Amino acid sequence: MRTTATPDSRGIERAAPVAAARRWERLEAAGATAVSSQSVAALRVALGLVVAWSMLRYLGRGWVTTQLTDPEFHVTYPGLSWVRPLPAPWMQLVPIVVAVAAVSLACGRRQRLSAAVALVGFCWIELIDASTYLNHYELVTLLLAWAVVLPMSQASTVPSWVVWTLRAQLAVVYVFAGLAKLSTDWLVDAEPLRTWLAARTDMPVLGPIVATTPAAYVASWAGAVFDLAIVPLLCIRRTRPWAYGAVVVFHLVTWRLFPPIGVFPIAMILLTPIFFEPDWPTRVARRLRLPSGSLREFRPQGAGSAQRTGRMRPAAPVALACVAIVQVVVPMRHLAVGNDVRWDDQHYRWSWRVMVTERAGVATFEVVDPATGDREIVVPDDELPAHQVRYVSSRPEALRQFAVFLADRAERETGDRPAVHARAWVSVNGHRRALIVDPSVDLAAEGGPPDGWILPAPWT
Amino acid sequence: MIVGALAVALVLVGCSDDDPDAGSTTSAGATDDRATVQRQLADDVISTTYLDAARATEVARDEAAAACAVPTAESVEQARSAVVQALGVWESLDPIDFGPVMTLRADRFVSYPAATDKIDERLGDPPPDEGAATTRLASDARGLGAAAYLLDAPPAAFADPARCTYLTSIMAAAATRVEEVRAAWFDDPTPYLEYTAGRGDESMVSKELIDTVVNMSVDVLGADLKALGSEPADPEVTRATIAAHAATIEALWGAGESGLSTLVDDVLAERLRGELDQLVKATAESPLDTEAVTAATEAVRATLGADVVGALDVTVGFSENDGDS
């Protein structure tokens, strides 16, 4: 049946795209508004310094050797097993190059090139072994990628969408970290904070307090509220100073309570000021009555110092939208699969599940010669460095990869490929231990998705 | 907001149960001062084991000398039994294998696995004294294992003075080394005892001793599983070793009012205690039921390595607390 539109409905049909177009124009105009580039430059300086510091720690602690070049086995990322370290002495150069590039980035020298070099080197180090994955490394990687594509040191002003893009990047971390805390483990059992805080009785003065169960509940709930509320509070002008104060206190407290957390708290304290007004460095300098020369680090570098704002290239909004969708979808991909991330660790990475899981496990591998039936027990402690033992022992995919490694090695030595079975007991967030993979399955023969051989969580 | 959170927290504290399957294995006991537990472990378990090892080795040395003086079936058997017992006590240091035991590398003189062919060969030219045993013999031709092998002979074999020369030399060397370890633990200017007990620099108290003994216990049980999985050279040595490890871990875990068990909830404390009992019983069975010992060893290791490591927040390495230190 053919229908005829009434004049009113035709008007509405025409008005809708017009209104949408106007909204887009307004949004585009707002995004194109020139704002001071100082806050972006401050973030660039902070990012460069954090990366440089991180690399110096990496070198100073000997991690190039212990984590990258010494281990015979590496847990690899899907499709990235080709990412390997350079031979021992040469691999030491990579963090040095990254650190130099990061300092160059901090100084605003050849921003995009410096960021690109730092990004490639950082990713290289990061992608060699999945057992060293950390959420804040992912954040650093993304920010370095933004530093490659965004104008962060060329002009005294930037389009405001640049500032908002960087704010959104930091917001993603807090929001998803907060959403990950909306779980029974975190809110009802106060785990893993209860366990972690209970280990801090040695802290002067506060030790006996933070180690109590009520303190664990307060910390858990306050942590979830903080993560979920901090972005809106940072976006509202009136609450911003208090919110930033909370950021500083929160991260300093976590740094003090959990020394192994490393550079993450400092990174967040230094990066979060991006939420302040774009010219916050000048305002702070004025408030502190610093000489005007003290802000020269934030002055534009190079020839293109004229204001260059205006309409975005047509592809830019599309690209930004794609990136936004990816950054929202990827952390939530486990919902589509329906797995329990905290148990099987599938889809854990790139989902900002910051400090929500305490997992511990032990494993033994049984290597069975198919020809003779001879069996050998392999204990990861004998084969792997300490940082890999716990990772491999408690994560199904890592168990599978290590089983394949053992089978490959035996095949090279004897010519026969053995079956490899694992008995891996895992405890997550204080739940009673359980076997995480089927001990009857030859893990070395399993290649694809973990259908069938990952056992269900003990609480299901 | 904080007041609200506190209120909710208090309600939840009241509502939460202690069923480990439903929630945490960390108990109210977790508020116990870990430094206190560390001091108690250092005083009651580690120091005691050092003293026991020194005493047992001295007794074994004296028994070996007595057997050489009057070699009868009884005296030789008594000496061998004392040597095996001393070896067992020494093995019980494995789960606490740090400090002087490790730094003085005393295993080379005390418990290195014996190579019987080498010992037979050296009987033709035995070390005349302790110094020679220390400098001229390989690790697998001396120590308590070698002494046990030399004592595994009929009394008539002791008519050959070479056997007793060899035996007394290596027993003297072993006793001296064990005594050195004991002295280092108690008397050394580097105060291991002070350090591990947290009486020294407070910043060193932290979780180090707890982390160390739990990690080492998991490690030695892994080694035991490995030994059980292969054809054991001497099943009795395997049995004695596992029994010694179980005894130390049992002592570290504590019987109720002391030890690591006071830092976790009662359910987990009792469960591991039960599993340790099973292990001790399994190692005492004769003949040795390898499958039962393996199952019991795995149970203890799994609970220690998964539940206890999790409950005590034992630090293992990189990415603890999602960090990179």
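Keep in mind that this is a model prediction, so the values were computed, not measured. Order of the sequence lines fixes the chain letters, A, B, ..., with proteins taken first and strands second; residue numbering starts at 1 for each chain.
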- Query: Can you tell me how far the NZ atom of Lys226(B) sits from the CG atom of Asp382(A), to the nearest 0.5 Å?
  - Reply: 4.0 Å

- The interface call for Asp374(A) against chain B, heavy-atom contacts under 4.5 Å, is neither

- Task: Would you indicate whether Phe250(A), at its atom CZ, is surrounded by more than 12 heavy atoms from other residues, nucleotides or ligands within a distance under 6.0 Å?
- Result: yes

- So, for Ala360(A) and Ala306(B), which heavy atoms are closest and what is the spacing to 0.1 Å? CB-O, 3.4 Å

- Item | Under-4.0 Å salt bridge between Asp307(B) and Arg432(A) | no

- If you tally heavy-atom pairs under 4.5 Å against chain B, which of Ala216(A), Ala424(A), Ala363(A) wins? Ala363(A)

- Task: State plainly whether the residues Asp381(A) and Arg301(B) are in salt-bridge range, i.e. N to O under 4.0 Å.
- Result: yes

- Message: Is there a side-chain contact (heavy atoms from CB on, under 4.5 Å) between Arg390(A) and Val309(B)? Walk through the geometry before answering.
- Response: CA-CA 10 Å; Arg390(A) 187 165 178 180; Val309(B) 163; 3.8 Å; yes

- Message: Let's test your reading of the structure: which of Arg359(A), Arg423(A), Glu376(A) forms the most heavy-atom pairs below 4.5 Å with chain B?
- Response: Arg423(A)

- Message: If we define contacts as heavy-atom pairs under 4.5 Å, which of Ala302(B), Gly305(B), Gly229(B) has the most with chain A?
- Response: Ala302(B)

- Sole candidate of Leu304(B), Thr303(B), Val308(B) that passes side-chain contact (heavy atoms from CB on, under 4.5 Å) when paired with Arg433(A): Thr303(B)

- Would you say Trp255(A) has more than 12 foreign heavy atoms packed within less than 6.0 Å of its CH2? no

- Taken in chain and number order and not counting sequence neighbours, the residues that satisfy side-chain contact (heavy atoms from CB on, under 4.5 Å) with Arg375(A) are Glu366(A), Val368(A), Ile377(A)

- Query: Heavy atoms under 4.5 Å from chain A: which residues of residues 217-225 of chain B carry them?
  - Reply: Val218(B), Asp219(B), Gly222(B), Leu225(B)

- Under 4.5 Å from a heavy atom of chain B, the part of Ala215(A) involved: neither

